[in-house]
Amino acid sequence: MENLSGTHLKKSIRLIMETPPEMPSTDGHTRDIVTERYVVESKKSAAHAPLACSTQHCAFPLDGSHLCVWSSKDPSHQLLTLQGHHKLITAVVFGNQIDPLLLCSASEDYIIMWNVAECREKTLKGLTPRGTILGSLLQTVLCLRFSLDDRAVAVCAGNKISVMDVEKQSVLVELKGHQGSVTAVEFCPWQAHTLISVSEDRSFKVWDFCVGSLIYSSSILTAYPLLNLLINEENQQLVTGSADGQLWIFSLMEGHHYHCVARVDVRRKRETFVTRRMMAEQCSLPGDHQCQNRHEVDKRGEAEATFPILDLAPCDLCLPDSQCGAFASECTKCLWIGSSTALFILNLASFELEAALHFKEFQSLSVQVAGSCAVMSEPMSAKAFCMLSSMFGSKIAVLEIDLAALLSAQQYPRAGRVLSVLASSCVLPTSPLYFGIIKEKFPKLANTKQHAVKSVMEDRPLVFHTKVRSSGYTSAPHMAMFSPKTNIKHDNKRSSKYKNNYKCKECSLENFLPRNLSRQVAVAQKPVAVSCLQFSGDGQQLACGLGNHLSLVFNASLSGAPAAFSGHDGAVSTICWSHDKRWLLSTGRDRTLRVWSVHRTELMLLLAPDAFPKPVTSAQFYYMDTFILLSSGPEFCLLKYHIDLCRDDIRRYKPKSRYKPIFRLPMTSGADITSLSAVNDFYSHIILTAGRDRAVEVFDLNAGCSAAVLAEVHSRPVHRICQNKGSSFVAQHSLAYNLFLTAAVGDGIRLWDLRNLRCVRCFEGHPNRSYPCGVAFSPCGRLMACGAEDRHAYVYEMGSSSFLHRLAGHTDTITEVAFNPAAPQLVTATLDGKLQLFVAE
């Protein structure tokens with residue numbers, strides 16, 4: 001073997017050892033994002049050259065049959081060239097152990113194992129390094145992979161997987177079952193006997209290679225071959241990428257049966273990433289340029305036909321902190337995605353892009369279109385290395401990426417202040433909310449003096465009483481014969497039998513999880529859809545709206561006959577409790593809004609269909625029952641209302657309750673509002689709205705204007721916004737109230753943080769393709785429940801994208817879910833009109 005000074009290698013290798021030129025980012029940051037450390041030019045085409053990266057080394061073939069190793073830790077070392085193959089090298093992989101660091105290469109003639117340290121030591125002594133020949137398969141090997149202890153290596157040749165013993169240099173087992181060439185294989189970190197493979201037949205298989213049996217075989221996932229495979233040990237998930245830029249994520253947890261967690265389209269994620277950045281930049285501009293229509297945002301660059309997944313690698317990313325703008329100390333588990341024209345960083349919690357590095361933005365790079373790619377970044381490191389082979393040339397480049405500079409260049413512009421659901425300031429006199437506190441601060445005082453007037457007998461009808469005494473046939477019998485004394489001192493001591501039975505105790509998540517079906521109740525004799533569901537604040541009553549024009553109120557245990565509220569001429573679409581549990585608000589397809597007395601089961605306030613030009617899509621009580629908040633068309637409206645409690649059986653046809661619109665504001669884009677949410681259990685100035693343009697807009701009613709716009713929240717319009725409103729029975733951290741959920745048909749559920757306006761997690765493990773299913777927070781804020789179309793309700797934990805439990809026992813699509821705020825109970829409603837009560841053990 002000749003070293004680097006040999007004449008034939010001088011002609012074929014060009015190493016850039018001097019200081020590389022600066023490659024500033026396109027948006028003006030002076031810090032170097034990408035530095036080209038080495039460039040290797042081969043005599044043969046490097047279009048699909050196999051590449052491998054470890055924590056300190058990079059390996060690549062040169063001139064077809066020479067294997068080169070470059071040290072990323074000490075670039076001053078000479079390039080280590082290993083010779084032993086006589087044919088084209090088709091696969092290269094590093095071992096998992098650092099000492100000794102093994103390197104395996106394969107061609108059609110041999111499979112050779114190299115000890116990198118020994119080979120370098122022999123080279124420095126002027127000796128020729130030798131590798132160990134494991135075998136010869138006389139086939140094209142597309143993939144190699146070491147086991148965790150480096151004692152075995154999986155060799156993929158054709159549609160066959162051979163597991164070889166490194167020490168004995170023998171084949172342990174051969175796995176056959178794929179219909180196409182095996183393109184990637186991985187050993188399961190927590191199950192030493194499990195092996196997972198993907199193939200050009202567009203499926204993945206799970207093997208027990210100790211006995212040589214097939215454990216699981218998936219269906220065909222996509223129309224394009226699967227190219228790469230990665231196992232996320234922390235979340236116990238399988239990630240595979242296809243040639244058309246699709247990522248499939250499956251759960252490997254026990255009992256999940258390889259359930260699909262998410263599907264990611266890299267091209268769409270890239271378009272959403274660019275759109276959100278440009279919308280954030282426009283919203284940060286002063287004056288008339290602020291928050292223009294998102295349709296006016298220009299798309300940067302040409303549309304890419306596809307992003308083939310060439311490489312997948314783990315990435316620990318320190319995201320910017322929402323409070324101080326600096327990078328947080330805790331890192332987020334992300335994923336490097338290597339493609340032909342760009343590198344992407346995907347957040348494995350939210351399945352959103354955190355950064356995108358397009359090669360064409362750096363004109364100094366030697367490789368603009370890659371045929372193969374390999375990425376490596378150490379945990380908690382600010383640097384990453386990427387190897388690229390030219391698709392239309394013979395160059396192989398080694399790039400060094402500064403992660404901090406990349407994130408700083410591409411993070412969204414920060415707003416002037418951090419938004420919060422909890423009110424941090426007093427109500428301004430210019431705020432529309434000021435109308436709600438005027439009455440409390442400045443009550444109208446009655447005249448203390450009454451002028452003496454002559455008593456005059458007025459003409460009255462024969463029956464002049466304002467209330468007609470009932471005969472008593474329909475009233476309940478009197479059970480209490482006297483009023484109890486309320487001025488007795490108890491010395492702050494109270495018997496335990498009088499304590500609230502719904503009071504929650506501090507318990508583990510497993511004890512709080514309601515997963516046992518306790519009761520199932522049909523709301524009507526005939527199947528009728530349950531369109532809305534909500535518990536009262538004390539957790540003792542449950543209200544539901546039906547498709548047969550009725551609203552029903554059950555007790556928390558779903559026992560006994562419910563109270564019925566009849567009056568709508570169409571299906572009830574919204575139902576909402578007041579904070580004091582006295583009133584019930586409902587809207588229907590008849591375009592009316594009604595406020596009912598829960599105790600009397602009577603209508604107290606009516607908004608006729610002509611009150612607003614467009615139908616009311618969402619409505620609720622707001623600001624501790626001070627206002628009624630509703631949405632109609634592209635705007636939301638704030639109503640000040642008064643409910644008259646005086647009963648006049650003679651003139652009951654003339655309602656005295658009244659309302660007055662005091663403030664209205666449209667969405668910036670002008671799109672119709674599909675969902676609306678605000679907190680009523682405590683004073684909050686924030687209102688969240690979702691529009692048909694797939695955007696979510698945040699309004700600050702203390703300032704009386706729009707505070708932020710989230711573009712491209714889902715691929716379809718949001719049909720539900722659900723805030724973490726907490727409960728008076730369970731304590732939460734104050735920052736937890738800034739979390740909210742958005743749901744869209746066919747695009748799962750996303751968890752957002754209002755402070756930084758970022759998606760922090762995505763839940764897509766439940767089927768929801770055609771019907772808008774409900775979603776709800778648990779009182780503790782640690783769980784989320786949602787409906788699905790497979791006759792199961794799904795319960796997720798906020799820290800995982802895989803479902804925690806799946807609740808069976810339903811007979812149709814689950815349309816609504818509701819947690820009891822005072823007890824570990826969950827009620828689900830189905831499309832055929834049944835309520836299911838789930839309780840904890």
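Scope of the values below: all heavy atoms of this structure, side chains included, with no hydrogens, waters or symmetry mates. Counting begins at 1 with the first residue of the sequence. In this text, all values refer to a predicted model and were calculated from it rather than measured experimentally.
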>> A side-chain contact here means heavy atoms from C-beta on lying under 4.5 Å apart; do Leu607 and Leu630 qualify?
In response: yes
> How long is the gap from CG on Leu584 to CD1 on Ile575, to the nearest 0.5 Å?
Replying inline: 4.0 Å
> Hey, would you say the Tyr683 and His579 ring centroids sit under 6.0 Å apart?
Replying inline: no
> Which value, rounded to the nearest 0.5 Å, describes the distance between Thr240 atom OG1 and Leu221 atom CG?
Replying inline: 7.0 Å
> So, Ser218 and Ser203: side-chain donor and acceptor under 3.5 Å apart, yes or no?
Replying inline: no
>> Within this structure, what is the CG-CE distance for the pair Leu739 and Met798, rounded to the nearest 0.5 Å?
In response: 7.5 Å
>> Within the structure provided, determine whether Val817 and Leu533 are in side-chain contact (heavy-atom separation under 4.5 Å).
In response: no
>> Return the NE2 to CD1 distance between His193 and Ile215, rounded to the nearest 0.5 Å.
In response: 6.5 Å
>> The criterion is salt bridge (charged side-chain N to carboxylate O under 4.0 Å, His left out); which residues satisfy it with Arg720, sequence neighbours excluded?
In response: Glu816
> So, Gln732 versus Asn724: side-chain donor-acceptor pair below 3.5 Å or not?
Replying inline: yes
> Do Gln723 and Ser677 have side-chain N/O donor and acceptor atoms under 3.5 Å apart?
Replying inline: yes
> Can you tell if the side chain of Trp583 reaches within under 4.5 Å of the side chain of Trp577, non-hydrogen atoms only?
Replying inline: no
> Does Arg791 come within less than 4.0 Å of Asp812, counting only side-chain N to carboxylate O?
Replying inline: no
>> Parallel, tilted or perpendicular, judged at 30° and 60°: which one describes the rings of Tyr794 and His766?
In response: tilted
> Any side-chain heavy atom of Leu247 sitting closer than 4.5 Å to one from Leu335?
Replying inline: yes
>> side-chain contact (heavy atoms from CB on, under 4.5 Å) for Leu754 and Leu688? Distances and angles first, verdict last.
In response: CA-CA 10 Å; Leu754 184 65; Leu688 304 177; 4.3 Å; yes
> Does the Thr574 side chain pair with the main chain of Ser618, one donor and one acceptor, at a distance under 3.5 Å?
Replying inline: no
>> Quick check against the 3.5 Å criterion: does Glu234 have a side-chain atom that pairs as donor or acceptor with the backbone of Lys333?
In response: no
> Has Arg806 got more than 12 heavy atoms of other residues, nucleotides or ligands less than 6.0 Å from its CZ?
Replying inline: yes
>> Checking Thr601 now: which residues fulfil side chain to side chain donor-acceptor pair (under 3.5 Å) with it, not counting sequence neighbours?
In response: none
> Distance-only, no hydrogens or angles: does the Tyr641 side chain make a donor-acceptor pair with backbone N or O of Asp625 under 3.5 Å?
Replying inline: yes
> So which of Thr674, Thr617, Thr689 actually passes side-chain contact (heavy atoms from CB on, under 4.5 Å) with Ser631?
Replying inline: Thr617
> Does Ser801 have any side chain to side chain donor-acceptor pair (under 3.5 Å) partners at least two apart in sequence or in another chain, and if so, which?
Replying inline: Arg761
>> Run the side chain to side chain donor-acceptor pair (under 3.5 Å) test against Asp681 and tell me which residues pass, sequence neighbours left out.
In response: none
> Tyr258 vs Tyr216 aromatic rings, parallel, tilted or perpendicular, using cut-offs 30° and 60°?
Replying inline: parallel
> So, His549 versus Ser566: side-chain donor-acceptor pair below 3.5 Å or not?
Replying inline: no
>> Would you call the rings of Trp248 and Phe250 parallel, tilted or perpendicular, taking 30° and 60° as the class edges?
In response: parallel
>> Assess the residue pair Glu354 and Arg758 against the criterion (salt bridge (Lys or Arg N to Asp or Glu O under 4.0 Å)); give the C-alpha distance rounded to whole Å, side-chain angles, the decisive distance to 0.1 Å, and a yes or no.
In response: CA-CA 10 Å; Glu354 299 292 347; Arg758 293 174 57 91; 2.4 Å; yes
> Taking atom types as modelled and ignoring hydrogens, do the side chains of Arg519 and Gln836 form a donor-acceptor contact shorter than 3.5 angstrom?
Replying inline: no
> Quick one: are Ser559 and Phe554 in side-chain contact, heavy atoms under 4.5 Å?
Replying inline: no
> So, do Val795 and Arg515 sit near enough that their side-chain heavy atoms are less than 4.5 Å apart?
Replying inline: no
> Among His257, His256, His792, which residue meets the ring pair (Phe, Tyr, Trp, His ring centres under 6.0 Å) test with Phe803?
Replying inline: His256
> Can you check whether Arg582's main-chain N or O pairs, donor with acceptor, with Asp580's side chain at less than 3.5 Å?
Replying inline: yes
> Tell me, do Cys576 and Gln534 make a side-chain contact under 4.5 Å, heavy atoms counted?
Replying inline: yes
>> Among residues at least two apart in sequence or on other chains, which ones pass salt bridge (charged side-chain N to carboxylate O under 4.0 Å, His left out) with Glu352?
In response: Lys269, Arg276, Arg750
> Is the side chain of Asp747 donor-acceptor paired with the backbone N or O of Ser715 at a distance under 3.5 Å, no angle test?
Replying inline: yes
> Under 3.5 Å, side chain of Asn680 to main-chain N/O of Met624, donor-acceptor pair present?
Replying inline: yes
>> For Ser770 and Glu789, which I'm curious about, is there any donor-acceptor pair between the side chains at under 3.5 Å?
In response: yes
> Parallel under 30°, tilted from 30 to 60°, perpendicular over 60°: which one fits the rings of Phe740 and Trp752?
Replying inline: parallel
> How would you list, by chain and number, every residue that makes a side chain to side chain donor-acceptor pair (under 3.5 Å) with Glu697, sequence neighbours excluded?
Replying inline: Thr668, Ser706
>> With heavy-atom distances below 4.5 Å as the criterion, would you say the side chains of Ile196 and Leu252 are in contact?
In response: yes
> Would you say Ser727's side chain and Pro821's backbone share a donor-acceptor pair under 3.5 angstrom?
Replying inline: yes
